Number of protein chains: 2
Amino acid sequence: MIDVDSDELLSIRAAELYYEENKTQDEIGLILSLTRWKVGRLIAQAKASGFIRIEIVHPRARRPVLERRLREKFGLQDAIVVSTAGLDAFDGEAAAAVEMQSRTAHAAAEYLTLLRPSPRSLGVSWGHTVHAVAQQLRQGWAHGVSVVQINGSVSLTRSAGVAAQAAVTIAQKGAGTATLLPSPAILERRETRLAIESDRTVAQVLAAAAGASAYLFSAGPADESSVHVASGYLSLEEMAALVAAGAVGDVVGRFIDASGGVVDDDLDDRTLGIRLAQLRAAAVAIAVISGPAKHEIARTVVASGLCTVLITDENTALELLDQT
Amino acid sequence: MIDVDSDELLSIRAAELYYEENKTQDEIGLILSLTRWKVGRLIAQAKASGFIRIEIVHPRARRPVLERRLREKFGLQDAIVVSTAGLDAFDGEAAAAVEMQSRTAHAAAEYLTLLRPSPRSLGVSWGHTVHAVAQQLRQGWAHGVSVVQINGSVSLTRSAGVAAQAAVTIAQKGAGTATLLPSPAILERRETRLAIESDRTVAQVLAAAAGASAYLFSAGPADESSVHVASGYLSLEEMAALVAAGAVGDVVGRFIDASGGVVDDDLDDRTLGIRLAQLRAAAVAIAVISGPAKHEIARTVVASGLCTVLITDENTALELLDQT
DNA sequence: GCCGGTTTCGCTCAGATGAGCAGATCCACT
DNA sequence: AGTGGATCTGCTCATCTGAGCGAAACCGGC
């Protein structure tokens, strides 16, 4: 029979009476024939040994401890970590992932709303995540905000509207205006990109994007589920090649490796939108990244200084903090 | 967008800072621009709303709240409920069930050891559970205890030793003696039972059993997994007939229905061992019942006053307390 | 606008709790 | 046995926290 340290057992009994029966340490001392100081120490010991688990079960709960550790480890200005508590109530991993996506987007919307100073101009990328954030924002989240798209958005397979939707919604709900970037995200030839870029309308948008007072973007994993594959910008073969070359994902359409460097210079040269250096230099760059598929790219984003603020879920945060 | 009551959200934020960051309510007030009393109330509210879940994670943890409710609801002298915390670490329901069985047996062994006055004579039944308790008892748990079997034990398919083992082990570890009941549990004819019962050796054991200062027994479900089927006392058909007649399980070999009454008078008349009335009249009757298959019989045991002390697992306890 | 009822607020005060400290106890090694 | 170091114990005291209580704010009906 494996014996459990009798002090450990006592501390469990004390903790039961304290937390479940909410008796005072005095009363517990009486019951267990201990001084109340001993009881206090036993409970402290139980806590220190991790036998007492306190969980805040609420869809909008956050994890301040993880947030602080993220800030410290990666030198972030701010970090928001939404709790995964209560996820077992959802059946199926897919449903759970959707819920976490939604919680994260909600947290991002709230963060944007509460951000002070409220951004005069906000550069946004596009994709599922940014779209979700736009949805969660409430009417009047800002009083006049100039929203600018920061990377090419015209899709080859869908109408431009879909990608533009997010920026427009964010602007509309913030009583402001949206400036769209009328260009594909990835061009076939470098020259085409240069040509489009030099067009006055596009150049003006890019200039506006470069001068935004804050950025809001997500990141995508480098795999067949990437929006760039779905949008037709990249074939499955090209994606496989990127992965083979070390790509872990993309930020504003630019594919990067684990160290945060551009993977394919040629591809990057054909990609239209602000450059990663501009993002790295931004005073406020909010990355919203959630989901198990994005752990790797999330690590790269925070590790290579692409964002100043990270909004993510608990699992991703734990993964990011997990050593290395 | 479904809005969450802003007070509710505040209470979550306050709770996060209080429980995760362990700040004082004063500090939290400073952070959230609230008075410390408001913070206290918010945290209390979060607790009351059930957003704060405090769990004691330890294999030997108990559930004093459930224990008290069991005592109150069923008028028990005592109740021990072992926690299911940490069971997800086991893979498979079977492994989890084994773990709970073991935890419950451990708790029973501990209870016996700490029972005051220590029983001079202890009547025991036999089966998996009692065997497990015997295993978990430690050397010297008592100083001279007279252990008596309270129901027939000679198996038709295995050697008598197996069923006797538990009683012998309990006696040996308690520096005492074991008195075995040298008879099958269920006879084929009433007359045989009477004949055996009138034999002096058997009669003396039964008399000793009747005079025990405490009883320790378990209960079995009425289904094909019953030890009485495995032991060969009952055929699958007989068991099916018992179930059809309303049997929910057996206690010391006697099958009872939901209200605690004997299901089959003839069968009961062929069963050798102490009578249920004797158990109901006992000053200390400790029932050790754990596992999902035994919820129904557990309910019957406590509801019909067959035990004064129940030792069980959290799930069974919850089931027992679940209304009705 | 006014008024009664209800809720919320800030506060007092007493009880509960944790930090820190000196004495007691234990333990290993001579 | 004797000794030095480490740990444990019970205590004082300062701080933290929850109950209870008037005062203020709020709300709906006139």
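We name chains A, B, ... by the order of the sequence lines, and we start the count at 1 in each one. Quick caveat, the model's predicted, so the values are computed rather than measured.
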Interatomic distance where CD1 belongs to A:Ile43 and C1' belongs to C:dT17 [whole Å]: 10 Å

Using atom CG of A:Leu42 as one end and atom P of C:dT17 as the other, report the distance to the nearest whole Å. 14 Å

Once you round it to whole Å, what is the distance between P of C:dA19 and NZ of A:Lys47? 9 Å

Leading and trailing nucleotides of DNA chain D with any atom under 4.0 Å from heavy atoms of chain A: D:dT9 to D:dT12

Between B:Arg68 and A:Glu21 (salt bridge meaning N to carboxylate O under 4.0 Å), is one present in this structure? yes

Rounded interatomic separation in angstrom, taking CG from B:Asp26 and P from C:dC11: 12 Å

Taking NZ, NE, NH1 and NH2 as the nitrogens, is one of them in A:Glu67 or A:Arg63 under 4.0 Å from a carboxylate oxygen of the other? no

Bending between helix ends of the helix from C:dG1-D:dC30 to C:dT30-D:dA1 [5 pairs per end, 10° resolution]: 30°

Are a donor atom and an acceptor atom from the side chains of A:Asp313 and A:Ser290 found within less than 3.5 Å of each other? yes

Answer yes when B:Glu72 and B:Arg69 have at least one side-chain N-carboxylate O distance shorter than 4.0 Å, and no when they do not. no

Donor-acceptor pair, A:Ser49 side chain versus A:Phe51 backbone, under 3.5 Å? no

Ignoring hydrogens and angles, does a donor from either the side chain of B:Trp37 or the base of C:dT12 sit under 3.5 Å from an acceptor on the other? yes

Would A:Gln139 and A:Gln172 count as a side chain to side chain contact (heavy atoms under 4.5 Å, CB included) if you check the C-alpha gap in whole Å, the side-chain angles of each, and the deciding distance to 0.1 Å? CA-CA 8 Å; A:Gln139 276 307 334; A:Gln172 181 263 313; 3.0 Å; yes

Would you confirm whether B:Arg60, through its side chain, and B:Ser83, through its main-chain N or O, come within 3.5 Å as a donor-acceptor pair? no

Say whether, by atom type as modelled, one donor and one acceptor occur between the side chain of B:Asn315 and the main chain of B:Thr84 under 3.5 angstrom. no

Assert: residue with more 5' nearest nucleotide on DNA chain C, out of A:Thr24 and A:Arg41, is A:Thr24

